[in-house]
Number of protein chains: 2
Amino acid sequence: MQEPTLLLLTALADAPRHGYALIQEVAAISDGRVKMRTGTLYGALDRLLGQGLIEVAAEEVVDGRARRTYALTGAGREALAAEAGRLRAVATEAERRLTKIRAMLPGNAGSQGRPASGGGLS
Amino acid sequence: MQEPTLLLLTALADAPRHGYALIQEVAAISDGRVKMRTGTLYGALDRLLGQGLIEVAAEEVVDGRARRTYALTGAGREALAAEAGRLRAVATEAERRLTKIRAMLPGNAGSQGRPASGGGLS
DNA sequence: ACCTATAGGTAGGTTGACGATATATGTAGT
DNA sequence: ACTACATATATCGTCAACCTACCTATAGGT
């Protein structure tokens, strides 16, 4: 699952929303960094509907404009929770490794971390 | 940046590694869930080299086999840190929204605009 | 002889994100 | 009245990234 898709599910996690509102919500979640285009949005919505992760919660006409409201399904909720946990684990590991003090001096390559499967350098 | 790429940078964060070791390291980081194929690996390595996020740290011949060792550059280190922080924020937000108690009961769609004032969508 | 692990690489197909475009209504300014 | 912008949904073609499958080659185990 890619990030735009994850943001979409996240935007639906607390309340059902319609397409246009999702674009704004995704922008809000990502602090304005992700401006989702309609091409991405409706493509993703179709895909997620097909995967059963979201469903159409309502189809109304508000002020003369058609409005289709989407909601997370149980499966979508589970998928989002699993994905979020996984991403958190990767982020934690990345940060842990970045802060690890490396004794990587010239001529000392490969001495850190696990030994490379028995076969040392020549 | 997608997850395989992120895992690759993470695998290089604590020490330089060569291609095959990266596949194993990525598998270890992801708890065996991501078994990166060589097609993905070398495509990503080429891309990251082009972006200046990694560099070739060493080219040796070990036991008759060529071995190219890759390392994170300063830019790669920054990119990984930024990416990890971003992902953590998204994961946190997703989890926060998922645990939020929703007042979205059936027939209670009031928080999402007023109920249908017209017919459904085409 | 065969298999597995190590090590690196290419070819081709699929997926998903994206930009561009189309349609239509409401609101605000000039 | 006209123009511009925000709201709202939708399709199409392109492209980057990923993935499957395949290939070469050495070392060591069964």
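Every chain is numbered from 1, with letters handed out A, B, ... down the list of sequences.
The distance between atom CG of B/Asp46 and atom P of C/dA11, rounded to the nearest whole Å, is 12 Å. Rounded to whole Å, atom C1' of C/dG19 lies 16 Å from atom NZ of A/Lys35. Residue A/Leu22 contributes atom CG, which lies 8 Å from atom P of D/dT9 at whole-angstrom precision. At whole-Å resolution of the value, CZ in A/Arg67 and P in C/dT25 are 16 Å apart. Rounded to a whole Å, the CD1 atom of B/Ile23 is 18 Å from the P atom of C/dT4. In this structure, CG of A/Leu7 is placed 16 Å from P of C/dG16, rounded to the nearest angstrom. Rounded to a whole Å, the NE2 atom of A/His18 is 20 Å from the P atom of C/dA24. In this structure, B/Glu59 places its CD atom 16 Å from P of C/dA7, rounding to the nearest Å.
Residue A/Gln24 is classed as a sugar-phosphate contact, given heavy-atom separations below 4.0 Å to backbone atoms only. A/Gly39 comes within 4.0 angstrom of a nucleotide base, judged by non-hydrogen atoms across all strands.
Atoms CD and CD, on B/Glu83 and A/Glu95 in that order, are 11.5 Å from each other to the nearest 0.5 Å. Atom CG in A/Leu8 sits 6.0 Å away from atom CG in A/Leu48 (nearest 0.5 Å).
Between B/Thr38 and C/dG9 there is no side-chain N or O to OP1 or OP2 distance below 4.0 Å. Between A/Thr5 and C/dG16, a side-chain N or O to OP1/OP2 separation shorter than 4.0 Å is absent. Note on B/Arg47: a side-chain N or O is less than 4.0 Å away from OP1 or OP2 of D/dA17. For the pair B/Gln2 and D/dA16, the criterion of a side-chain N or O lying under 4.0 Å from OP1 or OP2 is not met. Phosphate contact (OP1/OP2 of D/dC19, side-chain N/O of B/Arg37, threshold under 4.0 Å): absent. Between A/Tyr42 and D/dT9 there is a side-chain N or O to OP1 or OP2 distance below 4.0 Å. In this model, the phosphate group of D/dT9 is not approached by any side-chain N or O of A/Arg68 to a distance below 4.0 Å at OP1 or OP2. Dashed line: the shortest gap from a side-chain N or O of A/Thr40 to OP1 or OP2 of C/dG19 is not under 4.0 Å.
Side chains of A/Thr92 and B/Arg88: a donor on one and an acceptor on the other come within 3.5 Å.
In terms of heavy-atom proximity, B/Asp14 sits nearest to A/Arg97 at OD1-NH1, 3.1 Å.
The pair B/Arg68-B/Glu59 counts as a salt bridge, with a side-chain nitrogen and a carboxylate oxygen less than 4.0 angstrom apart.
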